[in-house]
Every structure is written in structure tokens, then in C-alpha cells.
Amino acid sequence: MTFDIKAPDFDLEKTLNSGQVFHWEKIDNGFVGTIGEVPVFVEQRGGELKVCRGETPRPAGGTPTLPGMVAHYFALDHSLPEIRAALPKDPAMQAALTFCRGLRIIRQPKWECLATFICSSMKQVAHIRQISRALRERFGEECTISGVVRRLDGVSPHRSINYSVFTFPSAERIARSSEAQLRSCALGYRAKNLLATARLVTRGDVDLESMSRLADVDLRAALGELPGVGAKVANCVMLFAYERLRAFPIDVWIERVLREQYFRRKRNVTPQRLSEFTESYFGEHGGYAQQYLFHYARMFGGRRAVGARKQDATARVPPACGLSLRGL
DNA sequence: ATCCAGGTTGCCA
DNA sequence: TGGCAACATGGA
């Protein structure tokens, strides 16, 4: 069964390839992945999404409608015009913002997001994708997606699709595995942390759902208690799974941008000071600012920008703004 | 081959 | 507090 969903001001590819989520696979002009336990094929055509769902591994009760679920996951309710208007007007921000038009901060399942970002430390995005896939194939459940989608050319009425995808393993499933099994998924030293955190979640020592009621500072502290979760990962999980749009994760890419564009290579700028600056300067939607700067820097910035050709061949040239991030 | 990656942690002064 | 090394793995 396929649905059409209105999705104005949305760029599916930029959203899924910007390093906030790691499991979506580009296939046949669309993407195959899961939204929670629901396997989904999504294809964007102009301002519309064509969505086809597969079978969940188990019958799920109280599931919302597919269009509602998709719209919620991709945060189609976020008002991008308002968010864009509220961001700073400096050249670096404007350039990133122009390039990242339609990129949305999505709403990921909490455990899935937490687990993958625990695996993300000192890993390139490509590696994180490999780890995510390995965990799914080893411990997740396989689902199939089959159906019909109308063809782009409109010559034939439709084409049939048939894909396979794995759900992300639950905390319980990870907790039941061994550190050696996790290491076989190329987790390295992160295996110990993922296992320990999975056990805490499984035992009920932490309740990821009820933590959504905490204020930002308390949520950050609670997440920080988990093994393998420091300031950066906590901010990623807050931003990508708890709808805390102020959260501003600072990784090596963002740190380069901040030092080059906002601190003009000044020395003695501690992580603490960087954090204070981003909090006050980018404000309420800092997470969006961060994601736009991150994606832009990764596509065009110095230190051999990653994937500019493969991921976005149509936009190889950065927007003309009289500013370059080269030489960071 | 060498460098580096969406960091965290423990230990040192 | 701030600096620093260890920690695993594989893409560029």
C-alpha cells in the first residue's frame, strides 16, 4: 500500500545524508529504512513523498497511520521559514543555510539514536553506517517491503518493488549479546559501552521515555551518566531523539567551523567557552544551525571534505556567498 | 602508508 | 579546572 504525503520545504536526501541518522539506503531513486519497527520505502517527487510500508516483525498495537508516522518522523511540522529567519545572519550561517534548504532535524527513536551515537565516537560517518548495518543484520529482525509505486515517467502505470530491511535491535536484545559478539560488528572499544548502557536500559535503571519530561540540563546530565555518553553524544541524542532543538553538539567539524568563523583562530578557547558561545549566539534553534554548519562543512569545508561527489553530485559547487570554509 | 574520524574516560599536575 | 594518552577500526 502506497501513500502520497505532502512535504513542502523538505529535502529527503539532504535530511537522510546529513549525518544525523545512519541506516537509510538509497535504492531506486528513493530510500529504504525503518521508522521504529516499521519498514518503509520513501521516494521524494517535488513536494510530495511516495511512501510504501512493509510488514512489522510483530503485530504492533496502537500504531498511528502511516502518513502521520512519516510526517512525525521527518518533522514535517517544523516551520523551516521561522527557523531560518531566527538563525544568525553571519556569512557562514547564511551559506550553510542556503545549501541546506529543506534539511530537517528528524525525530528518531530514543534507544536507536542513543545506541548509534554511542558507536559514533572517533568514527567517520561511513563507519557509523557500517556499524549500524552490522548491528541490524546480526541482532535485528528482517522485514520485507513490497508493493507498487507509480513510475516517474508516467509511461507505465506503476512498478513493483521488493526490498528487505532490518529493524534496529532493542536494548534487551543488545543486553543479551556478549561483548565479543558486539566487537564482531566492528564496534571496537565501543562494544563495552554499548553493552553496559543496554543493560542499564534493560534493567530499568534508566527510563529513556520518561526522561523526555526532564529539563534540558537534567536530561543532559541523565544521559551523561550512561557509559560512552559524554557532552557531545548527549547533545546529539537530545537533538535527534528528544526534540531539544537548542542542543548544539560540538564535534571536530563543528569545532573547526567555530574556531575559524567565529573565533578567528584565537587561542585559549576551551571547549567550555565554545559551548557557552554557541548557547548564547545560536539560541533557540541552535541544533538546526549546528546541523546546517556541520553538513555544509563536511561537503565543502577544508580537511578534504567528505562525500561531496557521491552524496550530492548536483550541488558540487558551494553557494556563491563570497565566503569559503576552505583552509580550516 | 599515514592521517583522521559526529569522543569518552581516567589520570596527572 | 586543563592537558593528555589510551582506546579500535577502516576510509580517504
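Sequence lines set the chain letters: A, B, ... in the order given, protein chains first and strands last, and positions in each chain run from 1.
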query: Below 4.5 Å, heavy atoms only, C-beta onward: do A:V201 and A:E172 meet side chain to side chain?
result: no
field: Rounded distance in Å - CG (A:L223) to P (B:dT9)
entry: 12 Å
- request: To the nearest Å, give me how far apart CD1 (A:I105) and C1' (B:dG6) are.
  value: 13 Å
- line: Residues of residues 112-122 of chain A with a heavy atom under 4.0 Å from any atom of DNA chain B, listed by number, are A:F117, A:S120, A:S121, A:M122
statement: Between A:F294 and A:L226, whichever has its closest DNA chain B nucleotide further toward 5' is A:F294
- prompt: Got a sec? Which of residues 231-251 of chain A come in under 4.0 Å of DNA chain B, heavy atoms?
  reply: A:A231, A:K232, A:V233, A:F240, A:P249, A:D251
query: Can you list every ring-ring contact (aromatic ring centres under 6.0 Å, His included) pair that touches residues 185-244 of chain A, not counting sequence neighbours?
result: A:F117-A:F240
message: Parallel, tilted or perpendicular: which one describes the rings of A:Y262 and A:F277, with boundaries at 30° and 60°?
response: tilted
- request: Tell me which residues in residues 128-140 of chain A put a heavy atom below 4.0 Å from DNA chain C, sorted by number, or none.
  value: A:Q130
statement: The side-chain contact (heavy atoms from CB on, under 4.5 Å) partners of A:R246 (sequence neighbours excluded) come to A:D216, A:E279, A:E284
- prompt: Is a donor-acceptor pair below 3.5 Å formed from side chain A:E255 to base B:dG7, judging by atom type as modelled?
  reply: no
Please tabulate, one pair per line, each protein N/O and nucleotide N/O from nucleotides 10-13 of chain B that are separated by under 3.5 Å, including the distance.
none

task: Grab the two heavy atoms, one from A:V269 and one from A:R273, that are nearest each other, plus how far apart they are.
output: CG1-CB, 4.3 Å
field: Nearest-angstrom distance from the residue atom NZ of A:K123 to C1' of C:dC7
entry: 11 Å
message: Check the phosphate of B:dA5 against A:R256, side-chain N and O only, distance under 4.0 Å to OP1 or OP2. Yes or no?
response: yes
Kindly give the atom pairs (protein nitrogen or oxygen, nucleotide nitrogen or oxygen) under 3.5 Å for nucleotides 2-6 of chain C.
none

field: Pi stacking test for A:W253 and B:dG6: under 5.5 Å apart, planes under 30°
entry: no
query: Got a sec, which pairs hit ring-ring contact (aromatic ring centres under 6.0 Å, His included) with one end in residues 26-52 of chain A, sequence neighbours left out?
result: A:F41-A:Y163
task: Give the rounded distance in Å between these two atoms: NE2 of A:H127 and P of C:dT9.
output: 12 Å
First of A:F22 and A:E225 reached from the 5' end of DNA chain B, by closest nucleotide: A:F22
task: Measure across A:A247 and A:M238 and return the closest heavy-atom pair with its distance rounded to 0.1 Å.
output: CB-CB, 4.0 Å
- prompt: Is the number of heavy atoms from other residues, nucleotides or ligands under 6.0 Å of A:K192 NZ greater than 12?
  reply: no
message: Name the residue from A:F248, A:Y292, A:Y288 that meets the ring pair (Phe, Tyr, Trp, His ring centres under 6.0 Å) definition with A:F282.
response: A:F248
- request: Would you check if the side chain of A:E142 reaches a backbone N or O of A:S164 as a donor-acceptor pair within less than 3.5 Å?
  value: no
- request: Write down the distance separating the P atoms in C:dC4 and B:dG6, rounded off to the nearest Å.
  value: 23 Å
- prompt: Where along residues 176-204 of chain A does a heavy atom fall under 4.0 Å from DNA chain C?
  reply: A:R183, A:G188, A:Y189, A:R190
message: Main chain of A:F10, side chain of A:Q44: is a donor-acceptor contact present, judged purely on distance under 3.5 Å?
response: yes
- request: Rounded to the nearest 0.5 Å, what's the gap from CD on A:Q108 to CG on A:L239? Could you check?
  value: 9.5 Å
- request: Go through the structure and list residues passing side-chain contact (heavy atoms from CB on, under 4.5 Å) with A:E137, not counting sequence neighbours.
  value: A:R133, A:F166
- prompt: Contact class for A:G228 vs. all strands (heavy atom < 4.0 Å): base, sugar-phosphate, or nothing?
  reply: sugar-phosphate
statement: Hits for salt bridge (charged side-chain N to carboxylate O under 4.0 Å, His left out) against A:R84, two or more places apart or cross-chain, chain-then-number order -> A:D9
query: Taking the six-membered ring where the residue is Trp, are the ring centres of A:F99 and A:H295 under 6.0 Å apart?
result: yes
Separation of atom CD in A:Q124 from atom P in B:dG6, rounded to whole Å: 5 Å
- request: May I ask you to decide if the ring planes of A:F294 and A:W253 are parallel, tilted or perpendicular, using 30° and 60° as cut-offs?
  value: perpendicular
field: All salt bridge (charged side-chain N to carboxylate O under 4.0 Å, His left out) counterparts of A:R138, not counting sequence neighbours
entry: none
task: Starting from the C-alpha separation in whole Å, work towards a yes-or-no answer on salt bridge (Lys or Arg N to Asp or Glu O under 4.0 Å) for A:E112 and A:K110.
output: CA-CA 6 Å; A:E112 177 181 321; A:K110 294 175 177 58; over 6 Å; no
query: How long is the gap from SG on A:C236 to CD on A:Q291, to the nearest 0.5 Å?
result: 8.0 Å
- prompt: Using atom P of each nucleotide, how far apart are B:dA1 and C:dA8 to the nearest Å?
  reply: 23 Å
